[in-house]
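Okay, structure first, notes after.
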Amino acid sequence: MESLNSLMDGFATALTPVNLLWAALGVLLGTAIGVLPGIGPAMAVALLLPVTYGLEPTGAFIMFAGIYYGAMFGGSTTSILLNTPGESAAVVAAMEGHPMAKAGRGAQALAAAAIGHFAGGMIGTMLLVVLAPTVAALAVDIGAPDYFALMVLAFIAVTSVLGSSRIRGVASLLIGLTLGLVGLDQLTGQQRLTFGSLQLADGVDVVIVAVGLFAIGEALWVAAHLRRTAGRPVPVGRPWLGREDLGRTWKPWLRGPFLGFPFGAIPAGGAEIPTFLSYVTEKRLSKHRDQFGKGAIEGVAGPESAASASAAGTLVSMLTLGLPTTAVAAVMLAAFQQYGVQPGPLLFEREPELVWGLIASLFVGMVLLLALNLPLAPVWAKLLRIPRPYLYAGILFFAAVGAYAVGGEALDLVVLLVVGLLGLGMRRYGLPVLPAVIGVILGPAAEQQLRRALQISDGSVTGLVNTPFAVAVYAVVLLLLVWQPLRKALARRRAEARAAESYDDIEGPTRR
């Protein structure tokens, strides 16, 4: 009840005309910036940080919250329409959203994403209000072996369900892990795969890899095929969700937050793992598995809901522990410090108006996001009516601008082109792109947690399985590895049994 009373006070703060204006402005700016390939919510907040110097802290953080959610939806928009993720959390949206867009259902994919963001954000923020102290206490107890086990689960899950074969999925994952090795070793400081270049010492940015593999690879692939077939504008389709679409999406919308929120609250978590796991879950539970990879709307609704709830979970460890679990949280932490506010266990006592106003503004921001972007879904989808030569030329331009904006180095453009050619080759030989992006995102963190766990256990491998949580996760990993071959073997045995029965039915009268 005390939390609910504090939340009501927060609404009194967030619903003032001035703070409503900042929330609406943040949502609009976040969506507009998120639509640009390569410029995600972290960069949006960082770029707008100097603009808020003249604002009082509550208004500034309400605006930041709007930018955060707006940029997440903007990244999903480019993922769905142009196969160009604006940030790593939007990668999964491209897997099913872009095939839907190419089939003339871009408006429905955007509507499913917008409602998914609304549902995930609302449920996630309610969980933030109710469970913040409990989740923060649990997150403190999770150690290096548990983190490594979760990352292994993400690797195995995504390579098991994507692509035409598990071998191709593993090959794609290895490509991503190799790209993740580029840079300085975090523990020894030695250079790895930098070829003597100082610019590569910081590694290859995830945004450059995602934009290169998805946007550049897709543009080159389309350009290669436009020589044979004339490009035609893609139809927009009707701008609403039908009864069948709603029947297939309401459960993923409700399931996503319960994957996204806990992972967002875990230090070193974020939206990447829960979006991948939500995609895997929806594919397992769907009655339309044959549509996955061709435009299954469940593969948009669930991951988008999980990503939005993860954003709310991120604020748990940032506000209660002072631990940023994502790049956006790190920038917001810097903003807190800029205003002389130190996030941590005492923040709720020292700055209740600011904290509860920020939390209440998340609810307001979700409503504004849905109200602004649901009617705009068919407008965004009309981007696809641009003839493909002009559309993909624009994608190449904005992808290059976004990649250059990441570090301001000309070498980033060279890396972008190389990664784009790699993406073209992966499409040519049937390798799924998503495991490679996962390898780049989670590979360095998995290596760090593995080495940390082994250091704690003096090099003993048993140090990786010395917690009940890690053992439970590895049990799920084993189940994923065994289940698919076991299911195929059982299906083959049933088919043989049916064939034998039919043979007996045919031969029986002949023998008689």
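For the numbers below, each heavy atom of this structure counts, side chains included, while hydrogens, waters and symmetry mates do not. If you're wondering where the values come from, they're calculated on a predicted model, not measured in any experiment.
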> Taking it one step at a time, do Leu411 and Val414 satisfy side chain to side chain contact (heavy atoms under 4.5 Å, CB included)?
Replying inline: CA-CA 5 Å; Leu411 183 65; Val414 178; 4.3 Å; yes

>> Could you go through Ile456 and Asn466, starting from their C-alpha distance and side-chain angles, then the distance that decides it, and tell me whether this counts as side chain to side chain contact (heavy atoms under 4.5 Å, CB included)?
In response: CA-CA 11 Å; Ile456 293 171; Asn466 60 359; 5.8 Å; no

> Can Leu369 and Met366 be said to form a side chain to side chain contact (heavy atoms under 4.5 Å, CB included), step by step?
Replying inline: CA-CA 5 Å; Leu369 184 68; Met366 285 293 102; 4.1 Å; yes

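Put simply, CD1 on Ile80 and CG on Leu110 are 5.0 Å apart, with the number rounded to the nearest 0.5 Å. Between atom CD1 of residue Ile359 and atom CD1 of residue Ile62 there is a gap of 11.5 Å, rounded to the nearest 0.5 Å. From Leu174, atom CG reaches atom CG of Leu179 across 11.0 Å, with rounding to the nearest 0.5 Å. To the nearest 0.5 Å, the span separating CG on Leu315 from CZ on Phe261 amounts to 9.0 Å. With rounding to the nearest 0.5 angstrom, the CD atom of Glu96 is 12.0 Å from the CD atom of Glu304. Considering OG1 of Thr275 and CG of Leu259, their distance stands at 10.0 Å, rounded to 0.5 Å.
Side-chain contact between Phe258 and Ile123: present, with at least one pair of heavy atoms (C-beta onward) separated by less than 4.5 Å. Considering only heavy atoms from C-beta on, Met63 comes within 4.5 Å of Leu29 through its side chain. In this structure the side chain of Leu177 never reaches within 4.5 angstrom of the side chain of Glu447, judged on heavy atoms.
Shown here for Ala446 and Phe155, the closest heavy-atom pair between the two residues is CB-CE1, 4.1 Å. Of all heavy-atom pairs spanning Val300 and Ala112, the tightest one is CG1-CB, 4.4 Å. Across Pro252 and Ser305, no two heavy atoms sit closer than the pair O-CB, 4.2 Å. Scanning both residues, Leu193 and Val182, for their nearest heavy atoms gives O-CG1, 3.7 Å. The two residues Leu464 and Pro145 have their closest heavy-atom pair at O-CB, 3.8 Å. Annotation for Pro257 and Gly120: closest pair CG-CA, 3.7 Å, computed over non-hydrogen atoms.
Between the side chain of Ser310 and the main chain of Ala306, no donor-acceptor pair closer than 3.5 Å is present. The closest donor-acceptor contact from the side chain of Ser278 to the backbone of Pro274 lies at 3.5 Å or more, if one exists at all. Side chain of Thr281 to backbone of Leu277: a donor-acceptor contact under 3.5 angstrom is found.
Applying the side chain to side chain contact (heavy atoms under 4.5 Å, CB included) criterion to Pro99, with sequence neighbours excluded, gives no partner residue. With sequence neighbours left out, Gln191 forms a side chain to side chain donor-acceptor pair (under 3.5 Å) with Thr194. Partners of Arg255 according to the side chain to side chain donor-acceptor pair (under 3.5 Å) rule, which considers only residues two or more places apart in sequence or in another chain, are Glu282. For Glu298, the side chain to side chain donor-acceptor pair (under 3.5 Å) partners at least two apart in sequence or on another chain are Arg248, Ser286. Among residues two or more places apart in sequence or in another chain, the ring pair (Phe, Tyr, Trp, His ring centres under 6.0 Å) test is passed with Tyr474 by none.
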Considering only distance and modelled atom types, tabulate donor-acceptor pairs under 3.5 Å from the side chains of residues 415-428, sequence neighbours left out.
from: Arg427; atom 1: NE; to: Glu218; atom 2: OE1; distance (Å): 3.4
from: Arg427; atom 1: NH1; to: Leu213; atom 2: O; distance (Å): 2.8
from: Arg427; atom 1: NH1; to: Gly423; atom 2: O; distance (Å): 3.3
from: Arg427; atom 1: NH2; to: Leu213; atom 2: O; distance (Å): 3.3
from: Arg427; atom 1: NH2; to: Phe214; atom 2: O; distance (Å): 3.3

